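Order of the sequence lines fixes the chain letters, A, B, ..., with proteins taken first and strands second; residue numbering starts at 1 for each chain. On a predicted model such as this, the values are computed, not experimentally measured, just so you know.
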Amino acid sequence: MTLPMQTSFTQRSIFERFPFIPALGILAVLLILNGLAEPNSLSFRAITGLTKTYLALMFLAVAQSFVVFSSDIDLSVGAILSLVNVSVVVMIDQLGGGPAAVLFACFAGILVGVLCGIFNGIVVVALRLQPIVATFATGILFTGIALWVLPVAGMPVPQSFWRTYGGRILDIPFVFYVVALLGLLIWLAVRTRFIIQLMAVGDNRLAAYQSGLPVTRIRIMAFAICGLFSAVAALCIIGDTASGDPVVGNAMTLYSVAAVVLGGTALSGGSGSMLGSAIGALIIGLINSFVFFVGVSSEWQNFAQGIAVLLALMAGVLVTRRISK
Amino acid sequence: MKNSTNVVAEIAKTPLVVALGLIVALLVLGELLSPGFASLSQIMRLLIVASILGVVAAGQNLVILGGREGIDLSVGGVVSLSAVVAGNMMQGSDAGIIPAIIACLATGAFFGLLNGLGVTLLRIPPLIMTLGMLGVLQGLLVVVRNGIPSGLAAPGLAHFVTQPLMFGVPGMIWLWGAIGVLMAAMLKRTLFGYRVYAIGSNENAARMAGVPADLIRVCLFMFSGMFAAVAGFCILGYSGSSFSNVGAQYMLSSIIAVVLGGTSLSGGKGGYTGTMAGATLLVLLQSILTTLNIEEAGRQFAFGATLLVLMLFYGRGKALRG
């Protein structure tokens, strides 16, 4: 004896627990479309290549999710990525380029990312500035530092770095281990008390404050974690491009926001899914490859991609809203 | 006595006064750093650059005033596209000016209409709708540029933007002044203006009072597109020929100009006079940093840091324990 109301309730709670399901649907459709346009695009090799290229955006989208959950936004993630990118490349070079130097530089780079995030947090939360304009300003500041660290693109990293990133361990491409690690981190993160507090803060800041949550600390933490994941994205970019570039990430900022929305997270905060954001990044990648494979002439490609991303964004918003109604 | 000091203190704290004070201070600083910085011809050149940003910011200002997280990230795309369309249509001849103006305005209005319909009919958040539209516009820019590699500004347009028109002041600055007066009149003296503030501060109340909120919001986005198109048209006159993605820098700087001018990003509060001061302040700041003759790195760093300090003057949120 199942009452209809109960069924709809169960359906709703499934979508509430897994808000990334619509994104997964779009991903599946895009995979099929890609396969129809060019069967080779679903080969192991091609999927590995796609992952290699879009891994950085996946991390950046997950980074953006944390601040979006608490109803903030970080328009400096791209600049943080650039700053970490050049910091790591220059540090490896200064320390001689050995394996120890590479490891040390990676950890130091992650620390740089976290510090940038904390700075953002203090500016937005403690000084109470509006996140859109404040993080745009801090982004300019970070770009300034990145240009000071490395004024022009260049300076290659040691072979060991990109050979590892593009290589295989036990016959499985290295990037898939990183994807698995990202999945594990997300799996662990959603089980923490912090994420529940973060959602509470994003859902209703005043209520969260009145019920005794340390709202300021939680929001600054979200910015710090955002900086951390942006730094990891920077390491992925180095693995992919094998060199430093002080403005490499700046164009990625808006894509990170788009990926978060495609993943079924509302910009108003309080709910959403990190896994969805990672899927959102892959959706952007698959749209780009589909437009390429379907044979759109080169000058129309950007336009077709733009239209497809816009439609996917709109569909994402509409589907997410219908489900949460 | 106490009352009058309070009034003075209140006036001194308004964003417009702060921005104007900072503008004067920066001009003095610039003159000290490099004599001739505050000369009349230099100020005119600064105002031309500021007027282009100011025109983009006019549309941005309207969308932000309309509330419901109103923001237009697509203005940069419209500016670029309009500059290229205008250049391609004029090809350096004065006869092409009128058709180019019409084409630019129609382009801006069209994309503004799409933004507005997405935001109202489908209730897509403005940030997402205009972000997606920016991608479409950038793609379209590639298409249009591939057709005809580069266009040239008509001499008449270049003259209007850069050369003195009346009393030694270039036409572009007159145009900006006229837009300033019209914006102020529209916002403070017309029914439309009242309604913009009404939906910006409390949309539900405005709807219940019979304000056609959706229609007004669509109009605001169309205004934003058209102002961005006018700015792109004028940039072509300023630079002489259309080049790639000239509008990208206006996306966020137009929002910053609005915020520095004292308009709240939450809508319903502010006006265009402050935004004009904000745009001037922003351009002046960049110009001083260029005058300082430091490297790109230091310039960016100083620009970002100064913006943060400026924002501390106004636009701070309320504390939770209020």
Side-chain angles (χ1 to χ4, degrees), chain A residues 73 75-76 79 123-125 127-134 136-151 205-206 208-210 215-216 246 251 254-255 257-258 261 266-268 297-314 316-318 321, chain B residues 69 71 73 77 114 118 122-147 248 251-253 255-256 258-260 264-266 295-312 315-322:
Chain A
I73 198 164
L75 294 187
S76 72
V123 165
V124 171
V125 185
L127 299 181
R128 301 199 302 272
L129 295 181
Q130 290 174 336
I132 290 187
V133 283
F136 171 62
T138 60
I140 297 177
L141 205 121
F142 298 150
T143 305
I145 305 177
L147 285 166
W148 174 71
V149 174
L150 186 72
R205 199 169 286 163
L206 191 61
Y209 176 76
Q210 284 167 341
V215 171
T216 306
L254 292 178
Y255 279 113
V257 178
V261 175
L267 289 183
S268 47
S297 64
S298 66
E299 73 259 34
W300 285 93
Q301 264 175 28
N302 288 44
F303 180 67
Q305 285 162 1
I307 294 268
V309 170
L310 175 65
L311 291 179
L313 282 172
M314 292 165 79
V317 170
L318 293 176
R321 184 186 301 140
Chain B
E69 284 149 18
I71 203 160
L73 295 185
L114 291 185
L122 302 175
R123 292 198 298 124
I124 313 281
L127 187 87
I128 300 171
M129 186 66 208
T130 56
L131 169 64
M133 197 54 79
L134 178 67
V136 175
L137 283 160
Q138 281 170 344
L140 206 56
L141 193 63
V142 176
V143 177
V144 175
R145 256 211 330 269
N146 261 28
M251 176 178 78
L252 286 160
S253 56
I255 300 169
I256 299 263
V258 171
V259 170
L260 290 186
S264 151
L265 279 186
S266 47
E295 282 169 65
E296 174 73 8
R299 206 156 55 221
Q300 295 261 4
F301 185 86
F303 186 49
T306 321
L307 283 183
L308 284 178
V309 174
L310 283 179
M311 281 172 208
L312 286 176
R316 286 185 66 192
K318 279 204 196 79
L320 281 172
R321 49 169 190 286

Handout entry: Atom group of A:V215 that falls short of 4.5 Å from chain B, counting heavy atoms
Key = side chain
Problem - Residue pair A:P151 / A:P246: nearest heavy atoms and the distance that separates them - result: O-CG, 3.9 Å
Practice task
Work out which heavy atom in B:G304 is nearest to a heavy atom in A:L141; give both atom names and the distance.
Solution key: C-CD1, 3.7 Å
Handout entry: chain B contact via A:L254 - which portion, at a heavy-atom distance below 4.5 Å
Key = both
Practice task
Counting only heavy atoms closer than 4.5 Å, note whether A:V309 contacts chain B via side chain, backbone, both or neither.
Solution key: neither
Completion exercise
Value for CD1 (A:I140) from CD1 (B:I256), rounded to nearest 0.5 Å, stands at 6.5 Å
Practice task
Please check if atom OH in A:Y255 has more than 12 non-hydrogen atoms from other residues, nucleotides or ligands closer than 6.0 Å.
Solution key: no
Completion exercise
Assert top hit (heavy-atom pairs under 4.5 Å, partner chain A, pool B:E295, B:R299, B:Q138, B:M129) equals B:M129
Exercise for the section: Determine the option with the most heavy-atom pairs under 4.5 angstrom with chain A, choosing from B:I124, B:L73, B:L307, B:T306. Expected result: B:I124
Exercise for the section: Examine whether an atom of B:L134 lies under 4.5 Å from a heavy atom of chain A, and if so say whether it belongs to the side chain, the backbone or both; otherwise answer neither. Expected result: side chain
Problem - Shortest non-hydrogen separation from A:F142 to A:A79 and the atoms involved - result: CB-CB, 3.9 Å
Completion exercise
Most heavy-atom pairs under 4.5 Å with chain B, out of A:R205, A:Q210, A:Q305, belong to A:R205
Exercise for the section: Can you establish whether the number of heavy atoms outside B:E69 located under 6.0 Å from its atom CD is more than 12? Expected result: no
Handout entry: Among the listed options B:L122, B:I128, B:I71, the residue most often paired with chain A at heavy-atom distances under 4.5 Å
Key = B:I128
Exercise for the section: Could you tell me which residues satisfy ring-ring contact (aromatic ring centres under 6.0 Å, His included) with A:F303, sequence neighbours excluded, listed by chain and number? Expected result: A:W300
Exercise for the section: Can you tell which part of A:L311 gets under 4.5 Å to a heavy atom of chain B, answering side chain, backbone, both or neither? Expected result: neither
